[in-house]
Amino acid sequence: MQDAIWWKRGIIYQIYPRSFQDSNGDGIGDLAGIKARLDYVAWLGVDAIWISPVYPSPMADFGYDVADYCNIEPMFGSLDAFRDLLAEVHARGLKLIIDFVPNHTSDHHPWFRESRASRDNPKRDWYIWRDPAPGGGPPNNWVSNFGGPGWTLDETTGQYYYHAFLVEQPDLNWRNPEVQQAMHDVLRFWLDLGVDGFRVDVIWHLMKDPEFRDNPVNPGYVKGRPEIESLLQIHSTDHPDVHGVIAGMRHVLDTYPDRVLIGEVYLPIERLVTYYGQDLSGAHLPFNFQLLQTAWHAKKVCELIHEYEQSIPDGGWPNWVLGNHDQPRVAARLGEEQARVAAMLLLTLRGTPTLYYGDEIGIGKVDIPAHAVQDPWEKNEPGLGFGRDPQRTPMQWDASPGAGFSTGAPWLPLAHDHATRNVVMQREDPASMLNLTRALIALRRSSQALSVGALRLLDAHDDVLAYERRAGSDRFIIVLNFSMREATWDMPENVTGEIVLSTRDGGGGQDACAELRLRPDEGLVIRCHR
Ligand code: NOJ
């Protein structure tokens, strides 16, 4: 197990810095707060932390609008606070992955200020400027991911600039070698400081069709869905040239030992796996969000695992994500009982798991009253149900009024149940979601089969999914009941074992019978006898 590199055998824990721990009472989490909670992270047993952006930013998109790539937003701390955090992370044997947002900057970034100043500014071509369409209006039909046109007219120079997201997030022109150079310098800045890797924001957006052709209308568009889905994003994203620029970034990382490149890619599996790059020259881990998008049925999940495993190129390493700051929380989507089953799935599949802060205590649905809405997407396309605030609420540490997150007024409301659903209470309760998650992590870490072993799908029928993980004589069978009904499953012939974990009560210690009886919402990890 020691042979596998850390990002293969390890578990990643995503922290949304605004919401993890506030150290100065302003209601917004910060770097000193994260540092103060590192013992918890180490206790949980994960290997690496990924923090969402902490760069200076006007916060139009809560940090995904970067105004300076080589500094820290004062609200979160300072470069010294970052160095301090990094040292403390490393002192605990953990790794730190930071968010890298190369597709767009903030409109406050000095590069964009220069670029928009005049048509002949040396930085003009660092962004994507186009003349109005012949009859006037935007150059093409591209839509912003947050609704509305993807182009905004700059009155001073009479041209439009493209922004795949907010008006305040102009897209960089990655076809310009100076942009590539400048962004490689940014990567080196952080690598020299000692960060262990990057999660690259919307990596599949970096290169656009050089002819800027219209995107075709999506014939399957369903009214009431976000406007971005009304077009097929075939010319604005996933351009074949993107793989060259990713290889360029990867090349920079490869001059440092053991760093990881993770790419955010929302594409179907057959496109997703192309982000490993030709001869694995791309992302080490193109984030696999399929579990967030597949219907929660044993058969469907089985097909998904099969398709994904078959599609990964030779030498590529799989990964699975169950939650992030953009997607509804797993317990909100499935309910707490199935969220436990999902945690068991995530932590026993083959491939690096990414766990989202707060999912380990089962934070569920949080209602955000209209006056408390923060997410710019929700503000642009209100009421569709795609607002991301519910999954960004503060971490629930204890039963105090600010949940131990802040002594001030939190920037987003706390979940209504924070007084009873929190880390302090769940640490005490052996049957809690937190202790289940921790036990799953510990088991995965202790086992060659679970951390890096082979995966074989055994069965998916009715509500039950079963698979095996194996490395030499180290062998586990995982059986998951996806329903609220009792279920049975026959162990493979001549295989005996011991139940080591149940989602229902932590439990374990019993022999696995030939005919296994699963309680409603029960998942089991069985250690096979040799
Ligand atoms: C993906 C990020 O995860 C999301 O939060 C952000 O709004 C967009 N990229 C734009 O940067």
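For clarity, every value in this text was computed on a predicted model and none was experimentally measured. Numbering of ligands and ligand atoms starts at 1, following listing order.
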L412 and its side-chain contact (heavy atoms from CB on, under 4.5 Å) partner, picked from V366, V373, D375, D389: D389
Below 4.0 angstrom from a heavy atom of H104, which ligand 1 atoms are there? Numbered from 1 as shown, please. 10 (C), 11 (O)
Taking ring-ring contact (aromatic ring centres under 6.0 Å, His included) as the cut-off, I'd like each qualifying pair that reaches into residues 166-190, sequence neighbours left out, listed once. Y55-W190, F82-W190
Looking at ligand 1, is there an atom of it that comes within less than 4.0 Å of some heavy atom belonging to Q327? no
Do D125 and K123 sit within salt-bridge range, that is, some charged N less than 4.0 Å from a carboxylate O? no
Can you tell me which residue and heavy atom of the protein come closest to atom 3 (O) of ligand 1, and the distance to 0.1 Å? D326 OD2, 2.4 Å
Carefully, step by step, assess R124 and T157 under the rule side chain to side chain donor-acceptor pair (under 3.5 Å). CA-CA 11 Å; R124 184 66 169 182; T157 57; 3.0 Å; yes
Honestly, for H163 the part within reach of ligand 1 (heavy atoms, under 4.0 Å) is neither
For residues 360-388, which residue pairs qualify under ring-ring contact (aromatic ring centres under 6.0 Å, His included), counting only residues two or more places apart or in two chains? F146-W377, W377-F386
Give a yes or no on this: more than 12 heavy atoms of other residues, nucleotides or ligands lie within 6.0 Å of atom CD of E229. yes
Which heavy atom in G77 sits nearest to a heavy atom in I72, and how many Å separate them? C-CG2, 3.7 Å
Inter-residue atom distance T274.OG1 - D238.CG, 0.5 Å rounding: 5.5 Å
Indicate, as side chain, backbone, both or neither, the part of F287 found under 4.0 angstrom from ligand 1 when only non-hydrogen atoms are considered. neither
Atoms of ligand 1 close to H325 [distance to a heavy atom under 4.0 angstrom, numbered from 1]: 2 (C), 3 (O), 4 (C), 5 (O)
Atoms of ligand 1 close to R388 [distance to a heavy atom under 4.0 angstrom, numbered from 1]: 4 (C), 5 (O), 6 (C), 7 (O)
Atom 6 (C) of ligand 1: nearest protein contact (heavy atom, Å): D61 OD2, 3.3 Å
I need the nearest protein heavy-atom contact for atom 11 (O) of ligand 1: residue, atom name and distance, please. D201 OD2, 2.7 Å
Within the structure, is a non-hydrogen atom of F62 found at a distance of less than 4.0 Å from ligand 1? no
By number and element, which atoms of ligand 1 are closer than 4.0 Å to a non-hydrogen atom of F146? 7 (O)
Interfacing atoms of ligand 1 (cut-off 4.0 Å, heavy-atom, R392): 5 (O)
